[in-house]
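So the structure is just underneath, and the comments pick up after that.
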Number of protein chains: 2
Amino acid sequence: MKRKITLKHIARELDVSISTVSKALKNSEEIGQDTKEKIQAFARLYNYRPNNIAISLKNKKTKNIGVIIPDIVHHFFTTVFRGIEQYANAKGYNVIVCVSDESFDKEVINMEMLANGSIDGFIMALAGETQLKNDYNHLKEVTEQGIPLVLFDRVTDEIHCDKVIINDEEAAYLAVKKLIASGRKKIALVTTEGYLNVSAKRTEGYYRALREHGLEVKPDLVLELPYQKEDDKKSEAFFKNRSMDAVLCVNEIFAVKSMGIVQRLGKRVPEDIAFVGFTDGILSRLSTPTLTSVDQHGELMGETAARMLIEKIENDHDQEEEESYETQIIRATLVERESTLGQV
Amino acid sequence: MKRKITLKHIARELDVSISTVSKALKNSEEIGQDTKEKIQAFARLYNYRPNNIAISLKNKKTKNIGVIIPDIVHHFFTTVFRGIEQYANAKGYNVIVCVSDESFDKEVINMEMLANGSIDGFIMALAGETQLKNDYNHLKEVTEQGIPLVLFDRVTDEIHCDKVIINDEEAAYLAVKKLIASGRKKIALVTTEGYLNVSAKRTEGYYRALREHGLEVKPDLVLELPYQKEDDKKSEAFFKNRSMDAVLCVNEIFAVKSMGIVQRLGKRVPEDIAFVGFTDGILSRLSTPTLTSVDQHGELMGETAARMLIEKIENDHDQEEEESYETQIIRATLVERESTLGQV
DNA sequence: GCCGCTTACGAAAACGGTTTCGTGTTAATA
DNA sequence: TATTAACACGAAACCGTTTTCGTAAGCGGC
């Protein structure tokens, strides 16, 4: 087992000082040509690589960014992560991921762990529990220490920092508008229970579209489901006892499940009921019928977040209280497929 | 902006030495009770946290583990990652993820970046290109440096290290056996093109099951698809021109797509054709009909890999050439759903 | 032979901790 | 009162780099 070689080893072996080795390997003008060649050859021979940790300590830069997301087994977050990872990697950064699992405590613990020097900045989407508690002290502490932070998707107004979001309200509005334009009149909504503000935004868009087109807003056409638990009986009862000709769902899982349920109830999609989901993932592409879905452009979101973060990190030298934060809005787009085909 | 406080600051402020502060914060017996209390109070007041980087440098332990996977937007890898992350986090480790994107070069670059002190050990699944090239020098270098490595799922015999795999051959064998037992006789296989050895193993199991049950092995009932690109025409031609009563697919995407195709061709699933997939993910649960699938227990795999790695990391002190490596086999299980319902 | 300049390198501090060892002070003991 | 052990703390090395600054050697010019 050949252990990692250090500057000190090289220095001792070639009978020069550590500083000389360091400079020689950086091809410094200070060092004589022959000495440089000797040292470089030796370093190459023994495959010398500088120790990242030591460099981090010296520079006070880790070239790591911390990503904290509520869930990784979830298509949207996964694509965002991919965007982050790609951009970060291209810029020479590594990514440390922590999963909060929607838990406030885990979010706090993970942030504290990473904030003590492990990373140069954070990218995160808030845990559901955090949004529910409305407690953002852990974020405040981090930003007060001068650690750059970018929030995406699940954001809050309480914290001043860069943000990347999609136009949730408008996207839902446009989706419903499209349904109305194709002749649908009784449009239902399947959303999550309360606390997630992205769902709330989408719900607002749904209401606005109905109002602006003179359609009655019927609360009993709105189904609220628990966020990640299944509640098939509730859904079945909902679809069995109501009449509707279209459904907007705040994610693709709800949409595909709902389609399955109404199909089993003997209704045809899209002929009897049209469906639109959010999160244009693999489910949307492979369901039968294929699902019309709002593409949130997760990868672009991730890339944007990473770009904003790295920008902040690398400009930190002359920041000194300028404090200007930006909110980037990614425009969602509707991907039309079979589930909304045809005019009624 | 309040900067992070260090031992030096505390020492200067309280007019004691750095060593005293360090010891006091560890509640060392060496330090007098009142001094300790004073220092601890001060540290608490200013929210002192030791700098992870400095500690890493001193201990030569980073408490980070590096995970390199071919793809993150892929249900199986995502669940494995989740298992890793959970276990690692519980043990106080953070996880740095790099995505190789099936590229040999990216895999090499990522490993080299992380191997220079950033992590205490690796968990990885080989990139497709790496398996194709059959070049594992980057892995050899890492293990020769004494960095613990655990391979999962996509492994190689060329490297001696801990491994976690599933019984791919047997799982496919059992799945096909079950199809045969339910009366299916003309069983097709949808697999990936050549180089992925997990697909190869599954293919072997498929063949063995046919042979052992006296069924003819027909090469033209085997469809090879490119790994991640779509080739719908090829699939359609395959299913249109052949007669079969069951299909084994090496992943759930192939399975759900294939089901869609045969359904559009007017065949019923499972009445006319039964389907079994690999990777029991969200697609299997939500497709119509729901898909019988081989659950690879990704989370358990991840947890197992993380356990093995951390064990090696933390026992490194007395290792000195004992070099015993283990291969854990996770037993896959068949989750039966609608797509294989009924006896023919 | 002296001055000053360039060249080529080394010493040392610094990053932020941990840890070993040494030492001054006090109190107990002979 | 002299000896010694316990106590409480500080100095310094160390982890592996980078970087500033100092300086010895060599050389040209006078």
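Lettering follows sequence order; numbering is per chain, from 1.
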Open item on the list: Between the side chains of B/E102 and B/R154, is the shortest nitrogen-to-carboxylate-oxygen separation below 4.0 Å, so that they form an ion pair?
Closed with: yes
Task: Note: A/K312-A/D120 ion pair, threshold 4.0 Å (strictly below) - done: no
TODO: For B/T78 and B/H74, indicate whether the former's side chain and the latter's backbone hold a donor-acceptor pair under 3.5 Å.
DONE: yes
Task: Side-chain (A/E144) to main-chain (B/K2) donor-acceptor, under 3.5 angstrom - done: no
- [ ] Would you check if the distance from the ring center of B/F104 to the ring center of B/H138 is below 6.0 Å?
- [x] yes
Is any side-chain heavy atom of [Y] closer than 4.5 Å to one of [X]?
X      : Y      : result
A/L151 : A/C161 : yes
B/V150 : B/T304 : no
B/N47  : B/I5   : no
A/V99  : B/Q86  : no
B/Q328 : B/D162 : no

Open item on the list: Run the side chain to side chain donor-acceptor pair (under 3.5 Å) test against A/K36 and tell me which residues pass, sequence neighbours left out.
Closed with: A/N27
Task: Between C/dC15 (P) and B/K4 (NZ): distance, integer Å - done: 17 Å
TODO: May I ask you to list the residues of residues 26-41 of chain A, by number, that have any heavy atom positioned under 4.0 Å from an atom of DNA chain D?
DONE: A/K26, A/E30
Open item on the list: Please give me every residue in residues 8-18 of chain B whose heavy atoms get under 4.0 Å of an atom in DNA chain C, ordered by residue number.
Closed with: B/K8, B/I18
- [ ] Identify, residue by residue, the members of residues 45-65 of chain A with a heavy atom below 4.0 Å from DNA chain C, and return them in order of residue number, or none.
- [x] A/L57, A/K58, A/K60
Task: Bend angle of the helix from C/dG1-D/dC30 to C/dA30-D/dT1, end axes from five pairs each (to 10°) - done: 80°
TODO: Please test A/F81 against A/F77 for ring pair (Phe, Tyr, Trp, His ring centres under 6.0 Å), starting from the C-alpha separation and ending with a verdict.
DONE: CA-CA 6 Å; A/F81 176 75; A/F77 289 122; over 10 Å; no
Open item on the list: Any base atoms under 4.0 Å from A/S19, or only sugar-phosphate, or nothing? Heavy atoms, all strands.
Closed with: base
Open item on the list: With a strict under 4.0 Å distance from non-hydrogen atoms of chain A, what nucleotide opens and what nucleotide closes the contacted stretch of DNA chain D, reading 5' to 3'?
Closed with: D/dC15 to D/dC21
Task: Under 4.0 angstrom between B/S22 side-chain N/O and C/dT18 OP1 or OP2 - done: yes
Open item on the list: Side chains of A/N89 and A/Y87: any donor to acceptor distance under 3.5 Å?
Closed with: no
Task: Interatomic distance, A/D101 atom CG to A/I69 atom CD1 [nearest 0.5 angstrom] - done: 11.0 Å
- [ ] Give a yes or no on this: more than 12 heavy atoms of other residues, nucleotides or ligands lie within 6.0 Å of atom CG of A/N134.
- [x] yes
